[in-house]
Amino acid sequence: MAVCPSCGERVEPLHRYCPWCAAPQRRKLVEFFRPHGGIGDDARALRVSRYLGGDDEPRHTRFSIWGQDDRVAAAVSLDDEEQRRLARFLGDPPPTGDAPPRGRGRGMLNRLRA
């Protein structure tokens, strides 16, 4: 069992954040996303890495597209502002059927508030 560098409490290795003080246990968080099964393309996975910042690098989020050969085909890093803009874009569901498109960049929560 690991020890939290922030508070010194014992933390299970699977925890990304300390359950006692909420300090991040890793400088980088990674998730993999599978491609859409019904659309054929050469991508094998989307890897999203969130770098929490530190002495040697700024906070940012990096998107990497992995090809069938287990190599990165392309990658891009976003700063916090662009990451929030992307989250708003993804949080705004696309229009369905013949419904007119909704306001660009307005997420569901903003529409409910309006």
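Just the heavy atoms: all of them, side chains too, but no hydrogens, waters or symmetry mates, feed the values below.
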- prompt: When clusters are formed by joining ILVMFWY residues with side-chain heavy atoms under 4.5 Å apart, either directly or through shared neighbours, do Val76 and Val72 land in the same one?
  reply: no
- prompt: What residues, two or more places apart in sequence or in another chain, satisfy side chain to side chain donor-acceptor pair (under 3.5 Å) together with Arg84?
  reply: none
For Asp79, side chain to side chain donor-acceptor pair (under 3.5 Å) partners two or more places apart: none
query: Quick one: does Leu86's side chain get under 4.5 Å of Leu78's, heavy atoms only?
result: yes
task: Can you measure from NE2 (His60) to CD (Glu82) and round to the nearest 0.5 angstrom?
output: 14.0 Å
- request: Give a yes or no on whether Trp20 and Tyr17 share a hydrophobic cluster (residues Ile, Leu, Val, Met, Phe, Trp, Tyr; joining criterion: side-chain heavy atoms under 4.5 Å apart).
  value: no
Can I get a per-line list of side-chain donor-acceptor pairs under 3.5 Å for residues 45-53, giving both atom names and the distance, sequence neighbours left out?
from	atom 1	to	atom 2	distance (Å)
Arg47	NE	Ser49	OG	3.3

query: What side-chain hydrogen bond (donor to acceptor under 3.5 Å, both in side chains) pairs are there with at least one residue in residues 61-74, not counting sequence neighbours?
result: Arg44-Asp70, Thr61-Gln83, Arg62-Ser77
- prompt: Taking all non-hydrogen atoms of both residues, which atom of Cys18 and which atom of Cys21 are closest, and how far apart?
  reply: SG-N, 3.4 Å
Please output the side-chain donor-acceptor pairs of residues 1-16 that fall under 3.5 Å, not counting sequence neighbours, one pair per line with the distance.
from	atom 1	to	atom 2	distance (Å)
Arg16	NH1	Glu31	OE2	3.0
Arg16	NH2	Val30	O	3.3
Arg16	NH2	Glu31	OE2	2.5

